[in-house]
Amino acid sequence: MYSKACEFLKIKQSPFLILDVIEAYKVEKCLVNVKMFKVILNLCKEARIADEALLVLRKVREFNLRPDITIYNVVIRLFCEKGDMDMANKLMKEIGLIDLYPDMITYFAMIKGFCNAGRLENACELFQAMRDQGFSPNALVYSVILEGICMHGSTEKALEFLEEMETTGGSCSPNVITYTSVIKSFCEKGHTMEALRILDRMETCGCAPNRVTVITLIEGFCAEGHVEEAYKLIDKVAGRGVSDGDCYSALVVSLIRINRLDEAEILFRKMLASGAKPDGIACSLMIREICRKGRVLDGFCLYDEIEQMRFLSSIDSDIYSILLVGLCQQSHSVEAAKLARSMLNKRIRLKAIYVNKIIEHLKNSGDKELAIQLSRIAR
């Protein structure tokens, strides 16, 4: 409802309308209550206009009304999302001066804001203050701080906080997303072998890794040159909630990214031979790289093999254009015509930059009707 109202009133483009409404109420001496201010602040929240929301907050007392914690929370959250933590902190301190008390929503918004701003010390201080006030942090609060530590802090601090979550247990126990955030942090800092130990710790706590966890580790191992460790990891986790296809697809992509195309191609072909389904990214990247090496006919044969196995559902549509223009340039007319007809059947559009070359080749090879049909769906 508020989204529709913002769109209809064009509040993002004309935020002054918010204050005009309040001023009109004042001039016309309308009866106004706190609920009306909450409605207006919700419009500010939807439009993400923090400065105007602050002005609305300041107008509350002009109507002899008292803002409550819900009103303050909206404005504080907007400044947190804006990244202006000094103003958000000022408003939080102001709450105590008017005999109000921050609630869980206040603390969460502030802690998340400090973490996003890289002010981990402030976030941890507020986390402790929240506990001192008798609030029990839930898994969401723990996860936000842990994510902030992973992004801006040290891996040692992340492990300490993770251990605290594990010790606290109950609803604060780390889940697969929590563990994956820590693993990702270690991998990004070049400590993938240490990240592997977190995976062991995770499984000990009865938390199974998901696709993102495994892919993060595979990418980390390959980036650091520990390809053998990536194979060992796949042997360990494949089929336990993460498919063989997902694991090996991630390894194929990672091998290509570290310029080990030959090894990636051998692995990719083994996948096809064993019936493991490569994902769209692996298929697209594999064909693209083979074409880049000038082996367009090999690329087409691989495409044809994948299509016969019906693994092409999520392949990048641009690959068709890259393949087709390559076949035309190398005068593989039969294969080019076959691919062009397949594109027509699937309603796959040609990339504009390739249209003229492909159409000209098809016409020259005697497929004028095919060229005309293909040009009609060109983008």
Side-chain angles (χ1 to χ4, degrees), residues 112 115-116 138-258 260 264 267-268 271 274 276-283 285 314:
K112 186 176 182 181
C115 287
N116 290 340
N138 56 25
L140 200 57
V141 178
Y142 271 106
S143 295
V144 164
I145 293 186
L146 186 56
E147 189 176 331
I149 293 170
C150 289
M151 191 179 303
H152 303 288
S154 67
T155 49
E156 291 80 8
K157 183 70 175 175
L159 283 177
E160 286 176 18
F161 207 80
L162 182 64
E163 186 175 349
E164 184 177 334
M165 290 182 72
E166 291 170 338
T167 304
T168 304
S171 62
C172 295
S173 296
N175 57 25
V176 65
I177 298 171
T178 314
Y179 280 112
T180 302
S181 293
V182 180
I183 287 171
K184 183 181 178 184
S185 175
F186 272 73
C187 291
E188 287 175 347
K189 290 177 171 65
H191 305 310
T192 307
M193 295 304 294
E194 288 87 344
L196 187 61
R197 286 195 278 273
I198 296 171
L199 177 68
D200 295 335
R201 180 170 167 172
M202 174 182 179
E203 292 182 318
T204 301
C205 292
C207 186
N210 63 13
R211 181 175 176 272
V212 179
T213 318
V214 175
I215 290 175
T216 300
L217 282 164
I218 290 171
E219 290 175 348
F221 280 132
C222 290
E224 293 178 32
H226 303 305
V227 175
E228 286 305 314
E229 293 297 331
Y231 280 104
K232 289 178 185 177
L233 174 68
I234 293 172
D235 289 340
K236 179 180 178 181
V237 302
R240 294 167 48 197
V242 185
S243 71
D244 289 11
D246 284 339
C247 291
Y248 285 113
S249 292
L251 184 51
V252 166
V253 171
S254 295
L255 288 170
I256 292 172
R257 286 174 178 164
I258 61 172
R260 291 172 67 162
L267 178 59
F268 189 87
M271 288 179 69
S274 67
K277 182 178 180 180
D279 63 21
I281 297 173
C283 291
L285 200 54
S314 57

If you compare all heavy atoms of Leu217 against all heavy atoms of Ala195, which two are closest, and at what distance to 0.1 Å?
CD2-CB, 3.8 Å

dist Phe221:CZ -> Thr216:OG1 (nearest 0.5 Å) comes out at 11.5 Å

Would you mind checking if Glu194 and Lys189 are paired as a salt bridge, meaning a charged N to carboxylate O distance below 4.0 Å?
no

Any Arg201 side-chain heavy atom under 4.5 Å of Leu162 side chain:
yes

Determine yes or no for a side-chain-to-main-chain donor-acceptor pair under 3.5 angstrom, with Ser185 supplying the side chain and Ser181 the backbone.
no

May I ask you to decide if the ring planes of Phe161 and Tyr142 are parallel, tilted or perpendicular, using 30° and 60° as cut-offs?
tilted

List the steps, then state whether side chain to side chain donor-acceptor pair (under 3.5 Å) holds for Asn175 with Thr178.
CA-CA 5 Å; Asn175 57 25; Thr178 314; 2.8 Å; yes

Within the structure provided, determine whether Val182 and Ile149 are in side-chain contact (heavy-atom separation under 4.5 Å).
no

Check for a donor-acceptor pair, side chain of Ser254 on one end and backbone N or O of Cys222 on the other, with a separation under 3.5 Å.
no

Please tell me if the side chains of Val212 and Ile215 come closer than 4.5 Å, counting only heavy atoms from C-beta onward.
no

Report, as yes or no, whether the 6.0 Å neighbourhood of atom NZ on Lys157 holds more than 12 heavy atoms from other residues, nucleotides or ligands.
no

Per side-chain hydrogen bond (donor to acceptor under 3.5 Å, both in side chains), Tyr179 is matched among Lys184, Glu203, Glu166 by Glu166

Among His226, Glu219, Glu224, Glu229, which residue satisfies the side-chain hydrogen bond (donor to acceptor under 3.5 Å, both in side chains) criterion with Thr192?
Glu224

What is the ring orientation for His191 with Phe186, classed by angle as parallel under 30°, tilted 30 to 60°, or perpendicular over 60°?
perpendicular

Measuring from Lys112:NZ to Ile145:CD1, what's the distance to the nearest 0.5 Å?
13.0 Å

If you compare all heavy atoms of Val214 against all heavy atoms of Pro209, which two are closest, and at what distance to 0.1 Å?
CG2-CB, 4.3 Å

Does some side-chain heavy atom of Leu233 sit less than 4.5 Å from a side-chain heavy atom of Leu199?
yes

Any heavy-atom pair between the side chains of Val176 and Met202 that's under 4.5 Å?
yes

Quick one: closest heavy-atom pair of Cys115 and Gly148, and the distance?
CB-CA, 4.0 Å

Short side-chain donor-acceptor distance under 3.5 Å, Asn210 and Thr213:
yes

More than 12 foreign heavy atoms under 6.0 Å from CD1 of Ile177: is that the case here?
no

Is the backbone N or O of Val141 less than 3.5 Å from a side-chain atom of Asn138, with the two atoms forming a donor-acceptor pair by type?
yes

Is any side-chain heavy atom of Arg211 closer than 4.5 Å to one of Asp279?
yes

Going by the side chain to side chain contact (heavy atoms under 4.5 Å, CB included) test, name the single residue among Val252, Leu255, Ile256 that passes it with Phe268.
Val252

Separation between NZ of Lys232 and CG of Asp235, rounded to the nearest 0.5 Å
10.0 Å

Considering all heavy atoms of both residues, which atom of Cys247 and which atom of Val242 are nearest to each other, and what is their separation?
SG-CG1, 3.7 Å

How many angstroms lie between atom CD of Glu164 and atom CG of Leu159, to the nearest 0.5 angstrom?
13.0 Å

So do the side chains of Leu267 and Leu251 get within less than 4.5 Å of each other, counting heavy atoms only?
yes

Is any side-chain heavy atom of Asp200 closer than 4.5 Å to a side-chain heavy atom of Lys236?
yes

Restricting to non-hydrogen atoms, name the atom on Met165 and the atom on Cys172 that form the minimum distance, rounded to 0.1 Å.
CE-O, 3.3 Å

Point-to-point distance, once rounded to the nearest 0.5 Å, from CG of Leu146 to CE of Met151:
11.0 Å

